[in-house]
Amino acid sequence: MGKRTIAPGGRIEGEVTLPGDKSISHRYAIIGALAEGTTEISNYASAADCHSTLECLRRLGIEVQSNKGDVRIAGRGLDGLKEPRKTLDAENSGSTRRMLAGVLAGQPFNSKITGDDSLRRRPMRRVVEPLRQMGAEIEASEGDRAPLEIRGGKLHAIDYTPPTPSAQVKSAVLFAGLYADGATTVHESVATRDHTELALREFGAHVETIGGTVRIHPRPKLIARKLDVPGDLSTAMFLIGATLVLPESSLMLHNVGLNPTRARVLDFLSSIGASIRIPSLQARDGELVGDVSIRHAPLEGGAISGTQVAEMIDELPMLAALGPFTKKGIEIHDAHELRVKESDRVRTIAEGLRAMGARVEEFPDGLRVEGHSTGKLRGGKVDPAGDHRIAMALAVAAMGAEENTVIGDAECVGVSFPEFFSTMERLRGAEVK
Ligand code: S3P
């Protein structure tokens, strides 16, 4: 695919059913492997990241069948994984690597897990530390980065407070807790996404949640399930972004995951003027799922900081890219975590928007993107640095620019939303080259 040229203009009109949520897909696959019996998952994410998880599970001796969104996992029970003959490759997926590290910590064999260049640069200490406290022996590269060599075995229960809020770290500790000698507890200062807790309960584990504390009891009998993955709201965010950038747009999203730990972004968008309605909402497999309707409306702009950062972490690149389409701009603080994602997202989004003519100030913990009073976006040549969410956020901003924008390395969108360009093309009725 290489580069893509985005022509500005058009409007978004139509309805979409989204591919399955990435976070939930990873978890259903991992827990399905540890359950007894065959788990059948429908609407499994098309994201390359979630297929990295399936590949790692295969290397751990799990039979996995995958046909479009239908995935069948022949679970082998809590003690059924096999010592992998090859290194596990999480490729670009931080969730695969961190969450599987928790499972591997409990196995009576050695395993090695690595990833692509971007993943090998990302911090692993946050997951290595609690797993070592539980008794796993883990060797890592300098600075506790991947590849990780894990010698699992008997684990002790711990009471752990992650220094930085992270659903991946919480999940790794909970997965390791399945193999511990007592109840393992994680305390959170901000409620991060709780799909692991909800999914473990669906499969039969005993997980308690009281306020910001989650406790898992060890060695449950996990039973295979038939599950349907809700559409991915973080992926939908780019379609919502395009609806807000292009005047006279309106969009209906069906079957979207609206778990409260994920849906804060809709509250934020409404608070700055977006017109969003949820005409239907239901509970399914422990998750909330609904339809979302969005209409174009002028945006006021606003600030994001504190707990909002962890609550909207994956949506921040798109929110920043909406800055030039708002009256007052968008300002983000307390977002150090954005710098250790698939790219340094503060820098890559700031550089991309500047290359298109936006006025952007970068801070150590975030950025400020000026609103439309300082001029319209011109368009330009941008480099998303191999980061899927940056590529999509810049592509959406490009639709509202004055001239064409060329996005280098645009195929990286496949990490989370392989259908991004074709879906946009269909909804916008505009040509993308
Ligand atoms: C995820 C948690 C978040 C998020 C990532 C998916 C998950 O990462 O950014 O895209 O599925 O648990 P952190 O746990 O590093 O905040």
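As the structure lists them, so they are numbered: ligands from 1, and atoms in each ligand from 1.
- Summarising the geometry of P317 relative to R345, their closest heavy-atom pair is CG-CD, 3.8 Å, with the distance given to 0.1 Å.
- Around ligand 1 you find S23, R27, S95, R98, S166, A167, Q168, R193, I313, D314, K341, R389, each with a heavy-atom distance below 4.0 Å.
- Residues H195 and Y28 place their aromatic rings such that the two centres sit no closer than 6.0 Å.
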Show me the donor-acceptor pairs within less than 3.5 Å that the side chains of residues 225-238 make with the rest of the protein, sequence neighbours left out.
from	atom 1	to	atom 2	distance (Å)
R225	NH1	E202	O	3.2
R225	NH1	E202	OE1	2.7
D228	OD1	S42	OG	3.1
D232	OD1	S234	N	2.8
D232	OD1	T235	N	3.2
D232	OD1	R262	NH2	3.4
D232	OD2	K22	N	2.8
S234	OG	R262	NH2	2.9
S234	OG	E315	OE2	2.7

Can you list, pair by pair, the side-chain donor-acceptor contacts under 3.5 Å of residues 269-277, counting residues two or more places apart and other chains?
from	atom 1	to	atom 2	distance (Å)
S270	OG	L266	O	2.9
S271	OG	F268	O	2.6

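- Residues forming a salt bridge (charged side-chain N to carboxylate O under 4.0 Å, His left out) with E208 (at least two apart in sequence, or on another chain): none.
- The aromatic rings of H333 and F363 sit parallel to each other, their planes meeting at less than 30°, with 60° as the upper class boundary.
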